[in-house]
Amino acid sequence: LTHFLHSHKIIPDISCLQETHLNYSPQLLDGYDQIINNKTNKKGGGTAILIRNNIQYKEIPIISPYEVSCCQISSLGTGPAPNETSKIKNTLDTLFIISLYIPPTAKIDHKSLSKSLAFDNCIILGDINSQHILWGAPKSNGKGKAFCKFLNSNNLVCLNNKLPTRLGTNGHFSHLD
């Protein structure tokens with residue numbers, strides 16, 4: 001990660017990672033605070049949010065059947081953490097950043113997603129392991145359709161520009177994630 005950022009002269013304020021495959025919490029990037037959701041009971045998965053250490057944020061714990069890291073960033077400081085059952089209402093001064101990983105074998109449960117990610121003013125960055133024409137896949141699968149239903153019912157939009165999002169080990173690009 002460090003090599004990629006330096007070689008491309010990229011200095012992000014916030015980065016979201018999925019499939020971190022960590023079972024401990026190393027310092028991933030100098031100059032950044034981090035929120036890491038490790039898989040301690042099995043191999044693979046995991047999410048992280050790296051936040052430049054001059055940005056004020058608050059970690060928001062999320063109860064979800066999926067792997068999720070979340071933080072609240074506010075130009076007015078951070079407010080109280082939401083409880084898992086309430087629909088969060090925010091001003092435009094508050095933004096929630098969510099790093100989401102849904103494993104290939106997991107099914108998308110619309111109610112669980114809506115309940116655990118019920119934030120206004122949020123950006124969800126994730127590895128959903130699904131396909132849909134909305135993000136440039138040549139066809140949609142059931143998991144992609146279910147995730148689009150979640151997006152639509154929660155007034156969220158997909159910001160992917162339809163370029164491939166995954167480079168496989170075979171060197172081919174795809175729109176899987």
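Values below: every heavy atom of this structure, side chains too, minus hydrogens, waters and symmetry copies. Owing to the predicted nature of the structure, the values given are computational and were not obtained by experimental measurement.
- Contact detail for K139 and Q131: the closest heavy-atom pair is O-CB, 3.6 Å.
- Residue D30 places its CG atom among 12 or fewer non-hydrogen atoms of other residues, nucleotides or ligands, all under 6.0 Å distant.
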- Query: Run the side chain to side chain contact (heavy atoms under 4.5 Å, CB included) check on L113 and N154 step by step: do they pass?
  - Reply: CA-CA 10 Å; L113 274 175; N154 288 281; over 6 Å; no

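- Inter-residue side-chain proximity for S140 and F147 is flagged as unmet; no heavy-atom pair is nearer than 4.5 Å.
- For the atom pair CG (L117) and CD1 (I98), the distance works out to 4.5 Å, reported to the nearest 0.5 Å.
- If you take CG on L5 and CD1 on I10, they are separated by 6.0 Å, rounding to the nearest 0.5 Å.
- S64 OG to D109 CG: the interatomic distance, rounded to the nearest 0.5 Å, is 9.0 Å.
- Between T20 atom OG1 and Q34 atom CD the span is 10.0 Å, to the nearest 0.5 Å.
- Here the shortest heavy-atom pairing between L156 and I124 reads CD1-CD1, 3.9 Å.
- No continuous path of ILVMFWY side-chain contacts below 4.5 Å connects L151 to I133, so the two sit in separate hydrophobic clusters.
- Once rounded to the nearest 0.5 Å, the distance linking CG of N53 with CG of L29 reads 10.0 Å.
- At a threshold of 4.5 Å between non-hydrogen side-chain atoms, the residues R52 and I11 count as touching.
- Looking at every heavy atom in both residues, E67 comes nearest to P103 through OE2-CG, 4.0 Å.
- A distance of 8.5 Å separates CD1 of I62 from CZ of F96, quoted to the nearest 0.5 Å.
- Under a hydrophobic clustering in which Ile, Leu, Val, Met, Phe, Trp and Tyr are joined whenever their side-chain heavy atoms come within less than 4.5 Å, directly or via other members, F4 and L50 fall into the same cluster.
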- Task: Given side chain to side chain contact (heavy atoms under 4.5 Å, CB included), test Y101 with N129 step by step and report yes or no.
- Result: CA-CA 8 Å; Y101 175 65; N129 283 296; 3.4 Å; yes

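- With K143 contributing its side chain and P104 its backbone, the two residues share a donor-acceptor pair below 3.5 Å.
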- Task: Would you sort out whether S99 and L125 count as a side chain to side chain contact (heavy atoms under 4.5 Å, CB included), showing the intermediate values?
- Result: CA-CA 5 Å; S99 182; L125 299 107; 5.7 Å; no

- Query: For I49 and E59, what are the C-alpha separation, side-chain angles and deciding distance, and is it a side chain to side chain contact (heavy atoms under 4.5 Å, CB included)?
  - Reply: CA-CA 10 Å; I49 302 175; E59 181 175 358; over 6 Å; no

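- In this model, a donor atom of one side chain and an acceptor atom of the other lie less than 3.5 Å apart for T47 and S69.
- Here the options are N37, I128, I102, the test is side chain to side chain contact (heavy atoms under 4.5 Å, CB included), and the partner is Y66; only I102 passes.
- A distance-only check finds no donor-acceptor pair linking the side chain of Q72 to the backbone of K58 [under 3.5 Å].
- Checked by atom type and distance alone, the side chain of K115 never pairs as donor or acceptor with a backbone atom of I63 at under 3.5 Å.
- Here the closest non-hydrogen pair linking N141 and G144 is OD1-N, 2.7 Å.
- Residues I55 and I51 approach most closely at CB-CG2, 3.9 Å, considering heavy atoms.
- The two residues S116 and S112 make their nearest non-hydrogen contact at OG-O, 2.8 Å.
- Here the side chains of Y57 and D33 are in contact, with some heavy-atom distance below 4.5 Å.
- Under the 3.5 Å distance criterion, the side-chain polar atoms of H132 are matched with a main-chain donor or acceptor of L134.
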